[in-house]
Amino acid sequence: MNKSALLGALAASTLIAGFASAGTLDDVKARGELICGSNTGLTGFGMPDANGTWVGFDVALCRAVAAAVLGDPTKVKFVPTTGETRFTALASGEVDVLVRNSTWTYSRDVDLKLDFVAVNYYDGQGFMVKKDLGVSSAKELDGATVCIQTGTTTELNLADFFKFNNISYTPVTVQDDSEAQRQYLAGACDTYTTDASGLAAARATMADPENHIILPEIISKEPLGPVVRHGDSQWGDVVRWTFYSLLIAEEKGITKANIEEVAASSTDPEVRRLLGLEGDMGKMLGLDNGAFKAAIMAGGNYGEIFEANIGSATPIGLARGLNALWTQGGLQYAPPFR
């Protein structure tokens, strides 16, 4: 290829990349509303409350993104999706981002042409049984009937686990968490399997949670996180760095309550960049410089969001575990904001 042709090709590829990266952010700004793919209803993670307002750990991230992009955490439309419909909804453009306890895997990343931009919850698959079943280990479930959501990694992990342990099972397929709980409670299956966080969320809503046991085995890695479409790097960066801003805020001791005080008094250069007091970090991404401050103000830092929705003081009662900050022995770690 001669030099002029090469330059022309490079210019064309740059132009195409520019069009791709401009897409979703411009769409959301023009629409004045973020469309977030959510769960059909998982306590603590994403569901409407008694007033019809969407709340939860995943919901809070959607609201933080809306705050960063539009300056208002309420400007979000939540679209419930099942395990089978969620990725189609994202790929088709029905939703701008998917924040719905979805596992990052090779095939979803590569074959479905999706980008998992961060991990907002490190999880693993477990099993729940009724106490009177008399089972203390998943390896004792030979011949069990198992409630399992279709179109999920849990379906594949289940098959692998039983095959590896040379035991058998009969699947009872369901569409979503609420159907799984109904079938499990009705006795249609001996055990219900999904991410351990989902099991804890389900148990918290039961009339007799003390009669249900989450077995000790964790049979998989389930890195859950927000998802965007391939080819829209700018939008991926917006979602990624909104999430990381919540982690950095926790690390720096910035809370929803003290953020104005910190903004007025902090001399920490990274804090000042994060809160839009120095540099043009927001403008670099096509946002206002106060975008990440707005994201933090929407629901607090990562730790505040965790504790308010799924933490040890809630009925779900999840410990931070792997989701503690790296400074506390966990895996949550944000790249430098510089």
Side-chain angles (χ1 to χ4, degrees), residues 24-25 28-29 31-36 38 44-46 48-49 51 53-78 96-97 99 117-118 120-121 225-226 235 237-311 313-314 320 323 325 332-338:
T24 307
L25 178 59
V28 173
K29 286 181 175 179
R31 190 191 306 126
E33 181 181 59
L34 173 70
I35 304 176
C36 188
S38 63
F45 284 86
D49 66 11
N51 299 316
T53 302
W54 280 82
V55 295
F57 178 78
D58 286 338
V59 166
L61 180 51
C62 293
R63 295 201 183 281
V65 173
V69 176
L70 302 170
D72 187 343
T74 68
K75 291 184 177 179
V76 189
K77 176 184 178 182
F78 292 94
D96 301 313
V97 60
V99 190
V117 297
N120 72 328
Y121 192 94
W235 180 242
D237 287 343
V238 168
V239 178
R240 176 183 298 109
W241 283 99
T242 297
F243 171 68
Y244 283 149
S245 74
L246 306 179
L247 282 183
I248 296 167
E250 183 181 8
E251 184 179 334
K252 297 290 186 177
I254 304 169
T255 68
K256 190 174 181 180
N258 73 11
I259 191 167
E260 294 294 0
E261 179 187 347
V262 171
S265 62
S266 179
T267 58
D268 182 327
E270 187 168 35
V271 168
R272 293 183 63 79
R273 288 191 294 270
L274 181 69
L275 300 184
L277 303 170
E278 291 182 5
D280 282 324
M281 307 302 271
K283 288 182 181 178
M284 199 182 294
L285 195 47
L287 305 174
D288 292 336
N289 282 335
F292 300 112
K293 179 183 177 185
I296 298 161
M297 291 176 70
N301 65 41
Y302 177 84
E304 289 181 284
I305 292 168
F306 189 104
E307 294 304 332
N309 292 286
I310 56 177
T314 69
R320 286 291 291 269
N323 294 291
L325 293 180
Q332 290 294 359
Y333 183 110
F337 198 86
R338 64 166 60 253

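Remember, it's a predicted structure, so these values are computed and weren't measured experimentally. Basis for what follows: all heavy atoms, side chains included, without hydrogens, waters or symmetry-related copies.
A donor-acceptor contact shorter than 3.5 Å links the side chain of Ser265 to the backbone of Glu261. With Arg338 contributing its side chain and Arg273 its backbone, the two residues share no donor-acceptor pair below 3.5 Å. Side-chain N or O atoms of Arg272 include none that pairs as donor or acceptor with a backbone N or O of Glu278 at under 3.5 Å. The main-chain N or O of Val97 is never found under 3.5 Å from a side-chain atom of Trp235 such that the two would form a donor-acceptor pair.
Taking the side chain as every heavy atom from C-beta outward, Ile305 and Phe57 approach each other to under 4.5 Å.
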Determine, stepwise, if the pair Lys252 / Val262 fulfils side-chain contact (heavy atoms from CB on, under 4.5 Å). CA-CA 10 Å; Lys252 297 290 186 177; Val262 171; over 6 Å; no

Does the side-chain contact (heavy atoms from CB on, under 4.5 Å) test come out yes or no for Phe306 and Asn323, once each step is laid out? CA-CA 9 Å; Phe306 189 104; Asn323 294 291; 4.0 Å; yes

Could you walk me through whether Val69 and Leu25 satisfy the side-chain contact (heavy atoms from CB on, under 4.5 Å) test, starting with their C-alpha distance in whole Å, then the side-chain angles of each, then the deciding distance to 0.1 Å, before giving a yes or no? CA-CA 8 Å; Val69 176; Leu25 178 59; 3.8 Å; yes

Steps toward side-chain contact (heavy atoms from CB on, under 4.5 Å) verdict (Phe243, Val117): CA-CA 9 Å; Phe243 171 68; Val117 297; over 6 Å; no

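Distance CH2/Trp241 to CG/Leu274: 10.0 Å, rounded to 0.5 Å. Here the straight-line distance linking atom CZ of Arg63 with atom CZ of Phe78 works out to 4.0 Å at 0.5 Å rounding. Separating the CG atom in Asp58 from the CD1 atom in Ile310 is a distance of 8.0 Å, to the nearest 0.5 Å. Rounded to the nearest 0.5 angstrom, Ser266 OG and Leu275 CG are separated by 7.5 Å. Here OG1 of Thr242 is found 11.5 Å from CG of Leu247. Values are rounded to the nearest 0.5 Å. With rounding to the nearest 0.5 angstrom, the OG1 atom of Thr267 is 11.5 Å from the CG atom of Leu277.
When every heavy atom of Pro226 is checked against every heavy atom of Leu61, the shortest pair comes out as CG-CD2, 3.9 Å. Taking all atoms of both residues into account, the shortest heavy-atom contact from Ile248 to Phe337 is CD1-CB, 3.7 Å. The two residues Val76 and Ala66 make their nearest non-hydrogen contact at CG2-CB, 3.4 Å. Here the shortest heavy-atom pairing between Leu70 and Lys29 reads CD2-CA, 4.0 Å.
Residue pairs that meet the salt bridge (Lys or Arg N to Asp or Glu O under 4.0 Å) test with at least one member in residues 67-77, sequence neighbours left out, do not exist here.
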All N/O donor-acceptor pairs, side-chain side in residues 294-302, below 3.5 Å, sequence neighbours left out:
residue	atom	partner	partner atom	Å
Asn301	OD1	Gly303	N	2.9
Asn301	OD1	Glu304	N	2.8
Asn301	ND2	Ile254	O	2.9
Tyr302	OH	Asn120	O	2.8
Tyr302	OH	Gln332	NE2	3.3

Give every donor-acceptor pair under 3.5 Å between a side-chain atom in residues 283-291 and any protein atom, sequence neighbours left out.
residue	atom	partner	partner atom	Å
Asn289	OD1	Gly282	N	3.2
Asn289	OD1	Lys283	N	3.1
Asn289	ND2	Asp280	OD1	2.8

